Amino acid sequence: MKGIGGPVGDVPMTVIYRPGSQVEGRVELGRTADTGALVWVPASPGLVRVVAELPESGSTAQATHVRDIAVRFAVVPGSGLGILIAAGVLLFGGVAVGLRRTLLQ
Amino acid sequence: MSQTEPEQQGQGRGQWSRMGFILAASGSAIGLGNVVFFSANAYRFGGGAFYLPYLLALMVIGIPLMILELGLGHQERRAFPQALQRVAGNKGELLGWWALANTGLIALYYVAILGWVVGMFFGSMGALWESTFPTPGFAADELPNPYGYFFHLLSSWKPVLFVGLVWLANGWIVRRGTRSIERAVRVFVPLMWVLMLVLVVRGLTLAGGPQGVWYLFTPDLRLMREVSVWQGAFSQIFFTLSLGFGVMTAYASYLPPKSDQTNNAVVISCLNCGFEYIAGVAVFAILFVFAAVPQASTISMMFFIVPQGIAQLPGGGPVVIGFGLLFFLLLLLAGLSSTVSLVESLASALIDKFRFSRRRVVVGICGFGAAGSCLFALPHVVDPAIVNDGTLGLTLLDLVDHWAFNYGLLVVGLSECLLIGWVFGVDRIRRRINSSSVWRLGRWYNWQIRWLIPGAILVVLASSAWQELSAGLYGSSYAANFAAAWRWLAASPKFVLLFWLIVPLLVAWLLTKRRVSNRRAAAIGKEDEKGDSNDRALQTGRAGGPPAPVGGSTGVEPDRRLA
């Protein structure tokens with residue numbers, strides 16, 4: 001993470017799925033190991049905000065460090081592809097049929 | 001463009017060519033919101049979880065309401081207030097003027113936003129892409145671009161100049177009514193599509209770009225159980241199609257007599273949502289490639305999030321400048337084709353009722369509009385930390401937008417469905433629409449206008465009002481961040497709400513009550529009868545059509561068809 005420096009252990013980590021949206025979901029990931037590592041398998045693709053609460057040096061206060069990342073789809077989603085095509089056909093098909101009728105009038 | 005017979009005989013109303021109408025109406029519907037607000041809303045409600053409800057809302061309320069507004073204008077051949085007056089008497093006219101007063105308020109701040117777009121367009125020639133820009137109240141590198149440049153622009157007087165230029169452009173485009181508008185949209189609308197397609201190609205060819213597209217279209221059934229997702233989708237369709245502005249009715253009043261309103265509504269709605277479809281592809285590709293988290297607002301998306309993505313495009317300076325110019329030009333064209341329709345809806349209503357000359361009306365609207373828009377372009381910094389809106393103009397814009405846009409348009413949509421569904425009788429307008437349409441509307445359409453659409457709008461309105469009541473008056477928390485000298489603005493949320501509740505209603509009441517002089521009324525009556533007899537002549541030979549409306553309502557005589 002930017003500005004953190006070297007690996008830090010025992011840091012509470014949180015991920016926020018769809019941050020800033022009305023349907024955001026927050027999941028506590030637990031704490032980092034002494035090596036500063038933490039394994040996390042994203043539950044769903046999309047934009048995700050990873051949040052780490054680190055103690056500020058020389059103080060008991062916590063500093064929040066965030067990084068936004070894009071979690072990718074493992075494979076091309078069939079339903080997404082289907083809706084992309086169906087919506088395209090519906091909208092641009094509607095335009096084509098309607099414009100043809102307009103021009104024939 | 002050929003003139004109609006009524007126009008030749010002095011009635012003074014223009015007429016679209018059929019393609020001209022499609023371009024003008026789709027240009028009106030496709031605005032800033034299509035480029036950025038759709039994507040902001042789609043992200044806000046979960047991407048794919050939002051898209052299916054959105055498509056359903058298009059079918060259930062979008063196209064039917066579009067047919068109604070077009071059918072009303074085409075049947076009555078008058079702008080919104082006069083068309084409603086003919087079908088529902090004075091209360092209809094009151095609603096029509098109230099809708100236009102609300103539209104006028106929206107036009108004021110919409111042009112202010114376009115003024116900022118002009119400023120950002122100039123900025124994208126260079127300064128916008130530097131890492132920081134000196135902003136009053138901030139250390140040299142404290143506010144990174146594009147935030148720095150944007151707030152520097154807002155805290156200067158330049159937007160006031162740009163607002164004046166945008167109003168001048170509006171006045172120039174509507175100066176000859178349908179003829180000059182058609183000329184402009186024949187350039188603007190195709191160009192908008194080309195510019196957007198260039199952005200789509202660029203977005204999709206970035207590494208990881210298609211991932212954003214999968215996110216936009218892959219349904220998440222778990223999130224679709226949330227009521228807020230459906231509310232968001234239904235609101236989006238209502239706002240995106242320019243419903244409730246009175247624009248579609250005014251535009252349809254200039255159509256030739258034998259026009260197919262069902263077909264027109266399908267084409268305009270599909271063009272509008274098709275534009276959102278490709279805009280969504282372009283914006284979501286950029287969001288994913290650069291992991292940019294958007295805020296659910298048009299301002300944030302168009303001035304911060306997308307420019308941030310453009311600034312990171314591979315290829316360096318010339319590529320970034322080129323795409324920046326292209327993006328802001330696209331916004332300007334989309335915005336102008338929409339504001340022109342807002343001005344025309346106001347102008348046509350005033351001309352229809354009072355028979356003022358077009359030149360006088362256009363100069364009046366643009367002069368008043370320029371003065372009003374300057375309020376939203378005021379550069380005074382009220383929130384030095386820019387925690388909320390930053391400047392006085394942006395704060396006012398945010399508050400007025402909340403009421404006029406989020407509530408005003410829905411109230412108009414609900415009221416027109418109730419008036420036409422329950423007072424005038426939707427069956428009458430349905431038969432009239434069917435008489436010149438290839439796709440016939442069945443009796444289900446009556447049920448849609450009387451029950452389904454008002455029900456859907458009521459649910460959205462009630463839930464918004466409930467959130468309002470539970471969270472406190474919109475904007476009341478802003479004052480905590482205002483500089484000491486501006487703390488008195490703490491009352492501004494209440495003031496704006498009261499203003500919105502009282503002033504448009506007062507204006508509507510005055511315009512409804514105002515009668516034209518007897519001499520002028522007699523002249524209008526004669527012209528209307530000439531126009532209607534010409535319409536009947538043009539409609540001769542149409543199979544199964546009802547008789548054309550007889551006589552004109554000028555606000556002087558009661559409507560004979562209602563008597």
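Since this is a predicted model, take the numbers as computed values, not measurements. Lettering of chains follows the sequences in order, A, B, ..., and the numbering in each one begins at 1.
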Margin query: Rounded to the nearest 0.5 Å, what separates atom CG in B:D260 from atom CG in A:L104?
Written below: 11.5 Å

Item checked: Side chain / backbone / both / neither for B:I278 at chain A, heavy atoms under 4.5 Å -> side chain

Notebook entry, point to check: With respect to chain A, which residue among B:G232, B:C270, B:C273 yields the maximal number of heavy-atom pairs within a distance under 4.5 Å?
Noted result: B:C270

Note to self: Taking side chain as everything from C-beta outward and backbone as N, CA, C, O, which of these in B:A49 sits under 4.5 Å from a heavy atom of chain A? Side chain, backbone, both or neither.
What the structure shows: neither

Notebook entry, point to check: When rounded to the nearest 0.5 angstrom, what is the spacing between CG in A:L84 and OH in B:Y51?
Noted result: 8.5 Å

Margin query: What's the separation between atom CD1 in A:I83 and atom CZ in B:F217, rounded to the nearest 0.5 Å?
Written below: 9.0 Å

Check: Is it the case that more than 12 heavy atoms not belonging to A:R31 sit under 6.0 Å from its CZ atom?
Finding: yes

Margin query: What part of A:F92 gets within 4.5 angstrom of chain B, counting heavy atoms only: side chain, backbone, both, or neither?
Written below: side chain

Check: So do B:Y43 and A:P19 actually touch side chain to side chain, heavy atoms under 4.5 Å?
Finding: yes

Note to self: Between A:V48 and chain B, with a heavy-atom cut-off of 4.5 Å, which part of the residue counts as in contact: side chain, backbone, both or neither?
What the structure shows: neither

Notebook entry, point to check: What part of B:V266 lies closer than 4.5 angstrom to a heavy atom of chain A: side chain, backbone, both or neither?
Noted result: side chain

Next item on the list: Against chain B, label A:L47 side chain, backbone, both or neither, depending on which of its atoms sit under 4.5 Å from a heavy atom there.
Entry: both

Next item on the list: Keeping the roles fixed (side chain from B:Y215, backbone from A:R72), state whether a donor-acceptor pair exists under 3.5 Å.
Entry: no

Next item on the list: Grab the two heavy atoms, one from B:P219 and one from A:S79, that are nearest each other, plus how far apart they are.
Entry: CD-OG, 3.6 Å

Check: Is it the backbone or the side chain of A:P45 that comes under 4.5 Å from a heavy atom of chain B, or both, or neither?
Finding: backbone

Next item on the list: Against chain B, label A:L90 side chain, backbone, both or neither, depending on which of its atoms sit under 4.5 Å from a heavy atom there.
Entry: both

Check: Is it the backbone or the side chain of B:V289 that comes under 4.5 Å from a heavy atom of chain A, or both, or neither?
Finding: neither

Next item on the list: Using non-hydrogen atoms and a 4.5 Å limit, figure out which bit of B:L216 sits close to chain A: side chain, backbone, both or neither.
Entry: neither

Notebook entry, point to check: How far apart are the closest heavy atoms of B:F288 and A:G46, and which atoms are they?
Noted result: CZ-CA, 3.4 Å

Check: Side chain, backbone, both or neither: which part of B:F290 has a non-hydrogen atom closer than 4.5 Å to chain A?
Finding: neither

Notebook entry, point to check: Where do A:V95 and B:V267 come nearest, in terms of heavy atoms and distance?
Noted result: CG2-O, 4.2 Å

Notebook entry, point to check: How far does CD of A:Q22 sit from CG of B:L223, to the nearest 0.5 angstrom?
Noted result: 12.0 Å

Checklist line | Reported OG1-to-CG distance for the pair A:T102 and B:N263, which is rounded to 0.5 angstrom | finding: 4.5 Å

